Colleague: 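Take a look at this one; I'll ask things after.
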Amino acid sequence: MDQHPRINSYDVVVLGGGPAGIAAAISAARNGAYTLLVERYGFLGGMSTAALVYPWMTFHSAAGEQVIQGIAQEIVERLQERGGSPGHLRDTIGFTYSLTPYHSEIYKVVAQEMLQESGAEVLLHTSAIEVKAERGAIQSVTLYNKSGIHHVEGKFYIDATGDADIAHRAGAPWEQGNAQQKVQPMTMKFRMKGVRLDLVKAYIKEHRDQFYEKTLFDQLDDLPLTSVSGFYELWEQAKLSIPREGVLFFTGPGADEALINVSRVTGLDPTDAADLTKAELEGRRQVLELEQFFKASIPGFEQASISGVGTQIGVRETRRIIGHYVLNGHDVLDARRFPDVIARSGYPIDIHNPEGKGITANFIREGGAYDIPYRCLVPQQVTNLLLAGRCISTTHEAQATTRLTPSCMAIGQAAGTAAALAVSYQCSNSEVPIEALQKRLVEQRAELGLRKEHASDEQ
């Protein structure tokens, strides 16, 4: 069996090179851990690059408080320096306070540079195909790439695969979907170039009743148009095959570009290869149908055309690992605080109907934000593994907010820091000193909202 010379024993092994995995690996390495990041594609970024999930929503609460900082904010600042992002802008749909456009190709490079600067090693074009676990601890992970099959050992592991592939194979208990085990639909996102955004904005101002009720109609003269939800009448007249109730798109990163988030593939399981194949084929069929609809029906798109389609279909929900605490919808909507907070989020509960049309949206009370406790990153039954990204321990409802990219970045930073501390303290994932972890995160610009009168309720 061939042996790749760079694969050996590490302090921390991060599986998955999406936003959560990137933040986790940077954080682990910066905190002194000898770190390896493994990614199956030939580039970093996960759903943000491979599936064109764009823009990042949201770094702020509905009241306008920035509740996500740290490595996530550092990435935005590095993108701004490279001309890869304008920073945080108002969401003109009004669904969230802000959104953050970014250039996915520049993000790929910025992420790689930050990982190199941190000292973390990166292995692309590599998939994890087997996990060896004994007595509740992962002993090694088997990797496959062009060089063959190899085994990598780590003192600690971070599952940032999105689908919880590593935790699942290590024996951690899990759940999937709603009460009927149905997951949110998949979407094949694509970009169109040659869009006349001035014509789009003019139509919105003249046809308010055709757009989402929270749209910032009275501010459109002063704000750049960043997002659009509506065209309900034009959508209904077209009678497309796609189970949506209207149009949703986001502008940028180019001045004449729009990212179309309208396709919807329901009733399939993204963890099943046959279902995922069906979803890819159906998603691409829908893209061509939608291009013709936009060109024929949506003002401003008459001369537009497809300029890019996701490398893969976008996946909102798969496995959720059961951890030492399961964050629920009430925790989110009540803006609950936790003593072991490691990240915060102000994104509402946003559930796309798993079986047809419709989106269920519920907003956090008083425009606030909720805490994500460390215990949601700690899986049951596996002692040297932490979770990062959309697979953390939540209910179906709570996952509909923790899955958003800025939240995943913040969770990733916490997981990487905790793993480095666990290696340093030679302790299990459940024994990481919370105060030491929080202190380290705050020192590294994470926003935890800590205060002396912090809530004392523990579940």
Side-chain angles (χ1 to χ4, degrees), residues 19-20 23 56-73 88 91 94-100 175 178 184 214 316-317 320-351 359-378 386-415 417-418 434 437-438 441-442 445-459:
W56 291 329
M57 299 174 70
T58 173
F59 283 68
H60 295 78
S61 70
E65 176 191 5
Q66 184 164 346
V67 295
I68 296 176
Q69 299 266 5
I71 288 174
Q73 177 61 29
H88 310 304
D91 171 18
F95 189 75
T96 61
Y97 179 84
S98 73
L99 50 73
T100 311
E175 298 176 329
N178 58 18
Q184 292 195 57
K214 288 180 175 283
R316 292 182 174 89
E317 180 185 15
R320 306 184 314 276
I321 298 301
I322 301 174
H324 287 220
Y325 183 78
V326 180
L327 190 75
N328 62 60
H330 293 297
D331 295 333
V332 171
L333 299 181
D334 290 342
R336 189 171 176 193
R337 307 304 311 273
F338 290 94
D340 59 335
V341 54
I342 48 78
R344 305 189 73 207
S345 176
Y347 193 85
I349 290 178
D350 173 26
I351 302 177
I359 294 175
T360 300
N362 291 286
F363 296 87
I364 302 168
R365 67 175 175 86
E366 299 175 0
Y370 64 91
D371 288 356
I372 300 171
Y374 174 69
R375 288 164 291 165
C376 291
L377 280 59
V378 182
L386 288 168
L387 310 169
R390 70 169 186 259
C391 66
I392 68 168
S393 179
T394 68
T395 63
H396 170 71
E397 292 75 21
Q399 193 268 354
T401 162
T402 58
R403 67 180 174 85
L404 275 294
T405 305
S407 305
C408 290
M409 289 176 171
I411 293 166
Q413 179 174 357
T417 302
I434 296 303
L437 172 58
Q438 291 173 332
L441 288 171
V442 170
R445 295 180 59 193
E447 175 54 59
L448 304 184
L450 294 173
R451 58 183 187 272
K452 291 182 180 179
E453 65 272 25
H454 202 307
S456 61
D457 52 326
E458 295 188 47
Q459 297 292 327

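What you see is a predicted model, and the numbers here were worked out from it, not measured in a lab.
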Colleague: Do side-chain atoms of Gln413 reach the backbone of Ile71 as a donor and acceptor pair under 3.5 angstrom?
Modeller: yes

Colleague: Calculate, to the nearest 0.5 Å, the distance between atoms CD1 and OG1 belonging to Ile349 and Thr395 respectively.
Modeller: 7.0 Å

Colleague: Do Gln399 and Arg390 touch side chain to side chain, with heavy atoms closer than 4.5 Å?
Modeller: yes

Colleague: Atom CG of Leu386 and atom CD1 of Ile411: how far apart are they, to the nearest 0.5 Å?
Modeller: 12.0 Å

Colleague: Given the rule in the side chain to side chain donor-acceptor pair (under 3.5 Å) test, do His396 and Glu175 qualify, once you have shown the distances and angles that lead to the verdict?
Modeller: CA-CA 9 Å; His396 170 71; Glu175 298 176 329; over 6 Å; no

Colleague: Is it the case that the side chain of Asp340 and the backbone of Ile434 share a donor-acceptor pair, with hydrogens and angles ignored and the cut-off at 3.5 Å?
Modeller: no

Colleague: Starting from the C-alpha separation in whole Å, work towards a yes-or-no answer on side-chain contact (heavy atoms from CB on, under 4.5 Å) for Tyr370 and Ile364.
Modeller: CA-CA 8 Å; Tyr370 64 91; Ile364 302 168; 3.7 Å; yes

Colleague: Is a side-chain donor-acceptor pair under 3.5 Å present for Gln66 with Gln73?
Modeller: yes

Colleague: Assess the residue pair Glu317 and Arg403 against the criterion (side-chain contact (heavy atoms from CB on, under 4.5 Å)); give the C-alpha distance rounded to whole Å, side-chain angles, the decisive distance to 0.1 Å, and a yes or no.
Modeller: CA-CA 8 Å; Glu317 180 185 15; Arg403 67 180 174 85; 5.7 Å; no

Colleague: Under a plain distance cut-off of 3.5 Å, with no hydrogens placed, do Thr58 and Ser98 share a side-chain donor-acceptor pair?
Modeller: yes

Colleague: How long is the span from the OG1 atom in Thr402 to the CD atom in Glu397, to the nearest 0.5 Å?
Modeller: 11.5 Å

Colleague: Do side-chain atoms of Thr401 reach the backbone of Tyr347 as a donor and acceptor pair under 3.5 angstrom?
Modeller: yes

Colleague: So, Arg336 and Asp371, do they make that salt bridge, N to O below 4.0 Å?
Modeller: no

Colleague: When you compare the side chain of Phe363 with that of Phe95, does any pair of heavy atoms fall below 4.5 Å?
Modeller: yes

Colleague: Examine Tyr325 together with Phe338 and report whether their ring centres are nearer than 6.0 Å.
Modeller: yes

